[in-house]
Chemist: 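I'd like to ask some things about the structure below.
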Amino acid sequence: MRLVIARCSVDYAGRLTAHLPSAPRLILVKADGSVSIHADDRAYKPLNWMSPPCTLKEGDDSVWTVVNKAGEKLIITMEEILHDSSHELGVDPGLIKDGVEAHLQELLADRIETLGEGYSLIRREYPTAIGPVDILCRDADGATVAVEIKRRGEIDGVEQLTRYLDLLNRDPLLAPVKGVFAAQEIKPQARVLATDRGIGCLVLDYDALRGIEDDKLRLF
């Protein structure tokens, strides 16, 4: 990861345009290629960003240009660099889910047909370079499907699944890979973002899944 603190202005050109006037900001350049611009007045959400896959070109005129596969551009004009350092973080072990999310993953993998008729499980916790995918499976047509499971489905969960899909779709043995965002509750903003990115949404009924499990274990 590269950390740059600089006085800069930022312009975004894509489906819409946006401008950030000159100010001191933190720029994160991650190993997956993503670039995000942060201020000091909010928690984790960046002011602007470019998700991978994308490329960063540092011009001789102190202008950084980040371009994604759709041709959208994030242009960062550097006025003064106050700090520039790089750190090797290695492979992250991933978030350890709480008991409910872990149990939802187990139940859904056990009853994979909840996703649709003809689905078959490939593996739970499918390993990738950026963390494990909760469930990897195939649909009735044999297409690969990656499933991200949350107790509460919010935008960051959709972003996480998007990163997995970008990576998995680079594997010719798996591609094309579709995504399903599954949660007990999916926030409207997360559903809109998922739909915009072609990701399916599934609301999980934890009690019903537990009931299915109980029925399966009952002898008579």
Chemist: Can you give me every donor-acceptor pair (side chain of residues 183-196, partner residue at least two apart or in another chain, under 3.5 Å) with its distance?
Modeler:
| unit_1 | atom_1 | unit_2 | atom_2 | d |
| --- | --- | --- | --- | --- |
| Glu185 | OE2 | Lys187 | NZ | 3.2 |
| Thr195 | OG1 | Arg191 | O | 2.8 |
| Asp196 | OD2 | Arg15 | NH1 | 3.4 |

Chemist: Which heavy atom in His38 sits nearest to a heavy atom in Leu47, and how many Å separate them?
Modeler: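 Looks like C-CD1, 4.1 Å.
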Chemist: If hydrophobic clusters are built from ILVMFWY residues whose side chains come within less than 4.5 Å, do Leu204 and Ile112 share one?
Modeler: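 Leu204 and Ile112: one cluster.
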Chemist: Hey, are the side chains of Gln105 and Ile135 touching, using non-hydrogen atoms and a 4.5 Å cut-off?
Modeler: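 Touching, per the 4.5 Å side-chain cut-off.
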Chemist: Which atoms form the tightest heavy-atom contact between Val67 and Thr65, and what is the distance?
Modeler: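 Distance-wise, the nearest heavy atoms are CG2-CG2, 3.9 Å.
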Chemist: Report yes if some heavy atom in the side chain of Leu136 is under 4.5 Å from a heavy atom in the side chain of Leu168; otherwise report no.
Modeler: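 Yes - at least one pair of side-chain heavy atoms lies under 4.5 Å apart.
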Chemist: Is there side-chain contact between Val145 and Leu115, with at least one heavy-atom pair below 4.5 Å?
Modeler: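 The answer is no, as the side chains (C-beta and beyond) never meet within the 4.5 Å cut-off.
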Chemist: Hey, can you pull the donor-acceptor pairs under 3.5 Å for the side chains in residues 54-63, sequence neighbours left out?
Modeler:
| unit_1 | atom_1 | unit_2 | atom_2 | d |
| --- | --- | --- | --- | --- |
| Glu58 | OE2 | Arg2 | NH1 | 2.6 |
| Asp61 | OD1 | Val63 | N | 3.4 |

Chemist: Go through the steps to decide whether Ile27 and Met78 satisfy the test side-chain contact (heavy atoms from CB on, under 4.5 Å), and finish with yes or no.
Modeler: CA-CA 11 Å; Ile27 304 167; Met78 300 291 190; 3.3 Å; yes
Chemist: Looking only at atom types and distance, does a side-chain atom of Thr144 sit under 3.5 Å from a main-chain N or O of Leu174, one as donor and one as acceptor?
Modeler: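 Present.
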Chemist: Search all heavy atoms of Phe181 against all heavy atoms of Ile199 and return the closest pair with its distance.
Modeler: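 It is N-CG2, 3.9 Å.
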Chemist: Would you say that Asp32 contacts Asp166 through its side chain, given a criterion of any heavy-atom pair below 4.5 Å between the two side chains?
Modeler: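 Asp32 does not reach Asp166 side chain to side chain.
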Chemist: So do Ile37 and Tyr12 actually touch side chain to side chain, heavy atoms under 4.5 Å?
Modeler: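 Answer no - side chains too far apart.
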Chemist: Between Gly157 and Lys150, which heavy-atom pair has the shortest distance, and what is it?
Modeler: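 Residues Gly157 and Lys150, closest heavy atoms: CA-CE, 4.1 Å.
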Chemist: Minimum heavy-atom separation for Glu125 and Arg123, please, with both atom names.
Modeler: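 Glu125 and Arg123 have their closest heavy atoms at O-NE, 3.8 Å.
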Chemist: Heavy atoms, side chains only, cut-off 4.5 Å: are Arg197 and Glu159 in contact?
Modeler: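 Answer yes - side chains close enough.
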Chemist: Working to the nearest 0.5 angstrom, can you tell me the gap between Lys73 NZ and Asp11 CG?
Modeler: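 Result: 12.0 Å between the selected atoms.
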Chemist: So which atom in Tyr164 and which in Gly131 form the shortest heavy-atom distance, rounded to 0.1 Å?
Modeler: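 In this case the closest contact between Tyr164 and Gly131 is CE2-O, 3.5 Å.
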Chemist: Any side-chain heavy-atom pair from Pro24 and Arg7 closer than 4.5 angstrom?
Modeler: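 Result yes, sub-4.5 Å side-chain heavy-atom pair found.
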Chemist: If Ile, Leu, Val, Met, Phe, Trp and Tyr residues are connected whenever their side-chain heavy atoms lie under 4.5 Å apart, and connections chain through other members, are Ile75 and Met50 in the same group?
Modeler: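 In one cluster: no.
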Chemist: To the nearest 0.5 Å, how far apart are CD in Gln160 and CD in Glu154?
Modeler: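 If we round to the nearest 0.5 Å, Gln160:CD and Glu154:CD are 12.5 Å apart.
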Chemist: Which of these passes side-chain contact (heavy atoms from CB on, under 4.5 Å) with Val66: Val29, Val35, Val10?
Modeler: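 When side-chain contact (heavy atoms from CB on, under 4.5 Å) is applied between Val66 and each of Val29, Val35, Val10, only Val35 qualifies.
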Chemist: Answer yes if Tyr126 and Leu167 sit in the same cluster of Ile, Leu, Val, Met, Phe, Trp and Tyr residues linked by side chain heavy atoms under 4.5 Å apart, and no otherwise.
Modeler: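 Linked, Tyr126 and Leu167 end up in one cluster.
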Chemist: Could you grab the distance from atom NE2 of His103 to atom CD1 of Ile149, nearest 0.5 Å is fine?
Modeler: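 Interatomic distance, His103 NE2 to Ile149 CD1, rounded to 0.5 Å: 11.5 Å.
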Chemist: Do Arg163 and Ser34 make a side-chain contact, defined as non-hydrogen atoms from C-beta onward lying under 4.5 Å apart?
Modeler: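 Side chain of Arg163 against side chain of Ser34, heavy atoms only: no contact under 4.5 Å found.
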Chemist: Show your working on side-chain contact (heavy atoms from CB on, under 4.5 Å) between Arg25 and Leu20 and close with a plain yes or no.
Modeler: CA-CA 10 Å; Arg25 297 188 175 94; Leu20 294 172; 3.6 Å; yes
Chemist: Would a single hydrophobic cluster contain both Ile76 and Trp49, if residues Ile, Leu, Val, Met, Phe, Trp and Tyr are joined by side-chain heavy-atom contacts under 4.5 Å?
Modeler: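 No, because Trp49 and Ile76 fall into different hydrophobic clusters, even though each may have its own neighbours under 4.5 Å.
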Chemist: First locate atom CG of Leu104, then atom CG of Asp134, and finally report the distance between them rounded to the nearest 0.5 Å.
Modeler: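 Result: 10.0 Å between the selected atoms.
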Chemist: If the condition is side-chain contact (heavy atoms from CB on, under 4.5 Å), which residues does Ser85 pass it with, not counting sequence neighbours?
Modeler: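 Listed in chain order: Leu3, His83, His87.
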